[in-house]
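Just below is one structure, and these are the notes that go with it.
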Amino acid sequence: MPELPEVETIARKLREGCGADPSILRREILSVEIRHPKPVAFPAVEVARERMRSLVFEEISRRGKFLVCRLSHGYLLIHLRMSGDLQVLPAGQPPRKHDHVIWHLSGDADLRFHDPRRFGRIWLVESPQDVLGPLGPEPLGPDFTEARLGEMLRARKRLIKPLLLDQTFLAGLGNIYTDEALHRARLHPLRRSDTLHKDEVARLWHGIRTALRVGIAQDGASIDWVYRGGNFQNHFRVYGREGERCKKCGAKIRRIIVGQRSTYFCPRCQRAGRKSKGK
DNA sequence: TAAAATGTTGGGTA
DNA sequence: ATACCCAACATTTT
């Protein structure tokens, strides 16, 4: 479920703790309980379990939609995909349905990977680049400039929405924040990437960064059956609002399918350019 | 009931 | 090589 702001929020909570939930930093992994092998992408399940034992969580960060845990040796990388979640619970609580991996930590705390759809994956690697290498730039990073975005867009001939969802193009946007960013930029989701003018590139750059920043400020979104405290769902301008009024112009929000994904936009604010579909 | 859900990947086509 | 389409993964919810 999570996109960049949700993963950022989870990383911060694991790092700093959250209310009664303690930080997992400096805690030692006493043992790892793998109740379902599916999420363990690398190395083999038993090897991963053995290697994690006695390691310590030294640093928690994020790259795109990946949670990056630097351990006292190597890195634990976690991708939550559609329905994954990470929670810290007091030791000794019985596992719940869909708790697939449980790290038993020093100080009587457990870290749990909970994932009903089981699309999520974890990796234990020496170098994070092995997994994170193909990712595009960080949209909130210092090297992602307006000029860089313009060059990136011009180098491709793709529809803008599927391109923004491509993690090798830009790391961290998902279906929600892409639609929100395009609305902020007043760009139609079917615009072709190499047709954007300079001011449109600037609007897109600001739209992407503002949507993500607001999402992070709201602790991410909590929708469907996963509630983890975020509030961004109450700030959606277009996502999930088919038939409702655009908060900017009052037109009815439309829903179309682009690249097999629901796509919400305002037909008045985000007018399609004449040559937007190419051909 | 059928459809849809914050994601990615692999296979096929042009 | 690039771009695009579809199916698949697995479960829950509306």
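Note that this is a predicted model, so its numbers are computed, not measured. Below, chain A is the first sequence line, B the second, and so on; all start at residue 1. Note: hydrogens, waters and symmetry copies are ignored here, and every other heavy atom, side chains too, is used.
- Side-chain atoms of A:L159 lie closest to C:dC4 of the nucleotides C:dT12, C:dC4, C:dA10.
- A:I78 has its CD1 atom 16 Å from the C1' atom of B:dG7, to the nearest Å.
- Look at CG on A:N175: it is 11 Å from C1' on B:dA4, rounded to the nearest Å.
- Using a 4.0 Å cut-off, no side-chain N or O of A:S83 falls inside it from OP1 or OP2 of C:dA10.
- To the nearest 0.5 Å, the span separating CZ on A:R261 from CD1 on A:I256 amounts to 13.5 Å.
- Note: CD (A:E3) to P (B:dA5) measures 13 Å, nearest angstrom.
- Within the 4.0 Å cut-off from OP1 or OP2 of C:dC4, at least one side-chain nitrogen or oxygen of A:R158 is found.
- Under the 4.0 Å criterion applied to side-chain N and carboxylate O atoms, A:R148 and A:E151 are not assigned as salt-bridge partners.
- Remark: P of C:dA8 and CZ of A:R121 are 17 Å apart, rounded to the nearest angstrom.
- As rounded to whole Å, 13 Å separates atom C1' of B:dA3 from atom CE of A:M82.
- At a threshold of 4.0 angstrom between heavy atoms, the contacts of A:R156 are confined to the sugar-phosphate backbone, with no base atom among them.
- Contact annotation: A:K38 side-chain N/O to C:dA10 OP1/OP2 distance is under 4.0 Å.
- In summary, A:K38 and A:D115 do not engage in a salt bridge, as defined by a charged side-chain N under 4.0 Å from a carboxylate O.
- When base pairs are accepted only as Watson-Crick or G-U wobble with both N-N or N-O distances under 3.5 Å, DNA chain C takes part in stems of 3 or more pairs at B:2-5 with C:11-14, B:7-14 with C:2-9.
- By the 5.5 Å and 30° criteria, A:F119 is not stacked with the base of C:dA10.
- Between A:W123 and A:F66, the ring-plane angle classifies as tilted under the 30° and 60° cut-offs.
- In this structure, A:R192 atom CZ and C:dT2 atom P are separated by 15 Å, rounded to whole Å.
- When rounded to the nearest whole Å, the span between CG of A:D179 and C1' of B:dA5 equals 14 Å.
- A:H98 has a side-chain polar atom (N or O) that falls below the 4.0 Å cut-off from OP1 or OP2 of C:dT12.
- The pair A:E3-A:K65 fails the salt-bridge criterion, with no side-chain N (NZ, NE, NH1 or NH2) lying under 4.0 Å from an Asp/Glu carboxylate O.
- Taking every side-chain heavy atom of A:K97 into account, C:dT12 is the closest of C:dA10, B:dG7, C:dT12.
- Regarding A:L135, its CG atom lies at a distance of 13 Å from the C1' atom of B:dG7, rounded to whole Å.
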remark   = Its contact letters, B for base, S for sugar-phosphate only and - for none at protein heavy atoms under 4.0 Å, make nucleotides 8-14 of chain B read S------
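- Classification of the A:H235-A:F232 ring pair by plane angle, with boundaries at 30° and 60°, yields parallel.
- Residues A:F42 and A:V131 fall within the same hydrophobic cluster, defined by Ile, Leu, Val, Met, Phe, Trp and Tyr side chains chained together at heavy-atom separations under 4.5 Å.
- Legend: residues meeting ring pair (Phe, Tyr, Trp, His ring centres under 6.0 Å) with A:H100, ordered by chain and number and at least two apart, are A:H36.
- Only the P atoms considered, C:dC6 is 15 Å distant from B:dA3, to the nearest whole Å.
- Taking 4.0 Å as the cut-off between side-chain N and carboxylate O, A:E242 and A:K252 do not count as a salt-bridged pair.
- When the options A:L86, A:L111, A:I29 are evaluated for a side-chain contact (heavy atoms from CB on, under 4.5 Å) with A:I24, the one that passes is A:L111.
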